[in-house]
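This report refers to the structure that appears directly beneath it.
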Amino acid sequence: MFEDHLHIECGCVVGGAGLAGMGFLFNALKTGALEQMASQGLMVIDAAPEAGIGSLGQYRITANSVGDVFIDCLRDPRLAAIFEPLEYSPAYWRIRRQADSAPPLAEVGELMSEAHRLVLRHIVQRYGVRIWHSTTLTAVTWQPGGLCLQVDTAGFERRIHCRALVLNLGGRQEPGQLFDALAQYRLQVPPGARVIGSDDLLRMSAVQIREQLMPVVDAGQRVTVVGGSHSAFSVLENLADALEFGGLQELTLIHRTPIRLFYESAEQARDANYRFDPQQDVCPVSGRINRSGGLRYRAQEIGREVLLNQRVGKTGVKICRVQLQDGGVEAGNHAAQWLAESGAVIQCTGYQPVLPTLRHEDATPIHLRQAHGGLDSDAQGCPLDQDGRRLDGLYLFGIGAGLAADPKLGSEASFEGRIYGVWQFHHDASLAVIQAVQARLQRFTRQPVSARHSLVQTLDENMRLLLPGLSREA
Ligand SMILES: Cc1cc2nc3c(=O)[nH]c(=O)nc-3n(C[C@H](O)[C@H](O)[C@H](O)COP(=O)(O)OP(=O)(O)OC[C@H]3O[C@@H](n4cnc5c(N)ncnc54)[C@H](O)[C@@H]3O)c2cc1C
């Protein structure tokens, strides 16, 4: 590993140590790949004061999987010694007790953060991995042989030159994406209405939701939810719970495609009187119904209640619902009228990845190509730029990016999005990335990262004089 105060050269950087970045590190430990990566220099960079927390635990909803799915991410002989302290952890036992039911995400977040802390401590002590918390990745310059990362720690800027960057900085919701989605159906958010992202709303307490939205309810305006995903149904429940008591009687739901529910089998779906398309909605590998795109657990219960009784859960709050795709003129008219009557619109139309500034070596900006529900990347999460050029060495698979469904593992034909979730981060998704990173590190062994010299020359030499004591560890 080359190093001076302002430049570091290493093999691989994990940019963002949330649930996806940590899944990569866990799986690298389990597969034995971490040792090789660390021998060529492995760094973890995260903007938060403590790496390994991520956002999952901040959502005030239940998980879309049972507790055992999270425990399964920790269940591996290679990790057993590292996780011994979890035997005494209340967070661990809380999730163990909910092995067969969906736990609150706050509790999942607590367990995963504890497990992340143990793994990070282990890889620092055993393999010399460097963890830089409170460090923001601000820009990445890509070239075929390597990447140059610009990072900022409390106002001190440094450069890291690496062969591979595993980049999962979380998700964001651009209001422009909501406006575009509505514009496809000649619909718009009325000028006076507030737009709130589901990401923000699902982090709010009932008191905060009331503070934000009671003025809308009091003014007799609609609160409209746009989207048909898990988040949309979680939002409906949190809104109804918080606002019914303040007089809310009705919520509006506008979604594009049919609301799809998950079932373990066709038989189970038929028993529940759920109608599905045997060609489009059944996974050919597992026989599950709407395996990738169907609502599960609590969101499924809310979805069923909305479909059958036009109500949100057990509350008395009614739902006015319209499906835009195949809905014809009538659906469009309803949606237009309800939007016009709305004082607040909650955006549940998916996520885009948080990204640093990306550019080519000649400073041309890079825009990553989008696919429905995420990024247009290959099976290893390696994306394309605006010209269709594959950006080798860059790998994304977290929220906002995702991966296409793997035909070997199966999915339903009607699913058009990208797949992401904690279990995938710890298993299939990160495994493909680990293999790609290892192959790349092997290919480039013993060649210096060529970007370094040109970039060193462009560095303002005065920075060295200004920051002579810049610490090696943040
Ligand atoms: C409402 C909701 C509910 C979900 N429920 C589930 C569920 O039940 N089960 C499931 O499996 N999945 C669920 N997911 C999907 C997914 O597992 C989570 O979104 C997960 O948190 C995504 O992990 P991530 O690492 O991609 O992002 P995050 O967890 O958000 O982590 C991003 C990390 O990047 C860091 N970072 C951000 N910007 C920078 C920067 N510039 N430089 C350096 N670091 C930076 C942050 O500090 C953070 O640590 C849910 C998603 C949402 C939105």
Side-chain angles (χ1 to χ4, degrees), residues 13-25 43-67 69-70 72-73 95 102-109 112-113 116 120 131-140 149-153 160 165-173 197-204 227 229-235 237-238 295-299 347-348 350-358 373-375 381 396-403 417-427 429-430 474:
V13 173
V14 175
L19 279 295
M22 290 304 305
F24 173 86
L25 292 171
M43 297 183 68
V44 178
I45 308 281
D46 198 281
E50 184 182 346
I53 306 291
S55 3
L56 195 64
Q58 293 169 19
Y59 301 118
R60 294 168 187 255
I61 56 175
T62 51
N64 56 28
S65 51
V66 293
V69 167
F70 301 102
D72 197 42
C73 297
I95 301 296
L105 283 180
E107 294 179 7
V108 173
M112 296 313 281
S113 300
H116 294 168
L120 289 172
I131 318 284
W132 285 5
H133 61 83
S134 312
T135 300
T136 305
L137 179 49
T138 54
V140 174
L149 322 184
Q150 200 171 305
V151 301
D152 184 295
T153 314
I160 303 170
L165 171 61
V166 180
L167 185 67
N168 295 298
L169 305 183
R172 67 193 165 84
Q173 294 180 301
S198 57
D199 201 72
D200 289 335
L201 197 123
L202 293 175
R203 294 171 198 239
M204 291 180 198
S229 60
H230 269 95
S231 287
F233 290 89
S234 303
V235 162
E237 181 168 51
N238 285 10
L295 302 177
R296 296 177 182 226
Y297 301 100
R298 185 66 193 141
Q347 175 176 2
C348 307
Y351 282 81
Q352 294 79 55
V354 171
L355 295 171
T357 303
L358 295 172
L375 290 179
L396 307 95
F397 55 92
I399 188 167
L403 292 177
R418 311 296 275 183
I419 291 186
Y420 56 83
V422 176
W423 196 89
Q424 280 89 0
F425 299 156
H426 283 252
H427 295 88
S430 58

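Order of appearance sets the numbers: ligands from 1, and atoms from 1 within every ligand.
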For [X], is the nearest heavy atom under 4.0 Å from an atom of ligand 1?
{"X": "V108", "result": "no"}
{"X": "I53", "result": "no"}
{"X": "F397", "result": "no"}

Starting from [atom], which protein heavy atom do you reach first, and at what distance in Å?
{"atom": "atom 7 (C) of ligand 1", "result": "N64 OD1, 3.2 Å"}
{"atom": "atom 13 (C) of ligand 1", "result": "L56 CD1, 3.7 Å"}
{"atom": "atom 20 (C) of ligand 1", "result": "L19 CB, 3.9 Å"}
{"atom": "atom 52 (C) of ligand 1", "result": "Y59 CE1, 3.7 Å"}

Ignoring hydrogens, what is the shortest heavy-atom contact between P103 and G67? Give both atom names and the distance. CD-N, 3.6 Å
Give a yes-or-no answer on whether the side chains of S198 and Q173 include a donor-acceptor pair shorter than 3.5 Å.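 There is such a pair (donor and acceptor under 3.5 Å, judged by atom type) between the side chains of S198 and Q173.
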Can you find a side-chain donor-acceptor pair between W423 and D72 that sits under 3.5 Å? yes
Per-atom contacts, ligand 1 versus [X] - under 4.0 Å to a heavy atom:
{"X": "S55", "answer": "28 (P), 29 (O), 30 (O)"}
{"X": "T136", "answer": "40 (C), 41 (N), 42 (N)"}
{"X": "G54", "answer": "29 (O), 31 (O), 49 (O)"}
{"X": "A20", "answer": "23 (O), 24 (P), 25 (O), 26 (O)"}
{"X": "V422", "answer": "10 (C), 11 (O), 12 (N), 17 (O)"}
{"X": "N168", "answer": "32 (C), 33 (C), 34 (O)"}
{"X": "A63", "answer": "8 (O)"}

According to the interplanar angle, ranging from 0 to 90°, do the rings of F425 and Y420 count as parallel (below 30°), tilted (30 to 60°) or perpendicular (above 60°)?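 Judged by the thresholds at 30° and 60°, the geometry between F425 and Y420 is parallel.
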Between the candidates W423, Y351, Y420, which shows the shortest non-hydrogen contact distance to atom 15 (C) of ligand 1?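 Closest candidate by heavy-atom distance is Y420.
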Taking the side chain as C-beta and beyond, is there a heavy-atom pair between [X] and [Y] under 4.5 Å?
{"X": "F397", "Y": "N168", "value": "yes"}
{"X": "L202", "Y": "V235", "value": "yes"}
{"X": "M43", "Y": "I160", "value": "yes"}
{"X": "V140", "Y": "L355", "value": "no"}
{"X": "M204", "Y": "R60", "value": "no"}

With a 4.0 Å heavy-atom cut-off (strictly under), which part of V69 contacts ligand 1: side chain, backbone, both or neither?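 Neither; nothing of V69 gets under 4.0 Å from ligand 1.
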At under 4.0 Å between heavy atoms, is it the side chain or the backbone of L202 that contacts ligand 1, or both, or neither?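 The answer is the side chain of L202.
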Is G16 close to ligand 1, meaning an N/O of one under 3.5 Å from an N/O of the other? no
Please check whether I61 reaches ligand 1 - meaning an N/O of the residue sits under 3.5 Å from an N/O of the ligand, judged on distance alone. no
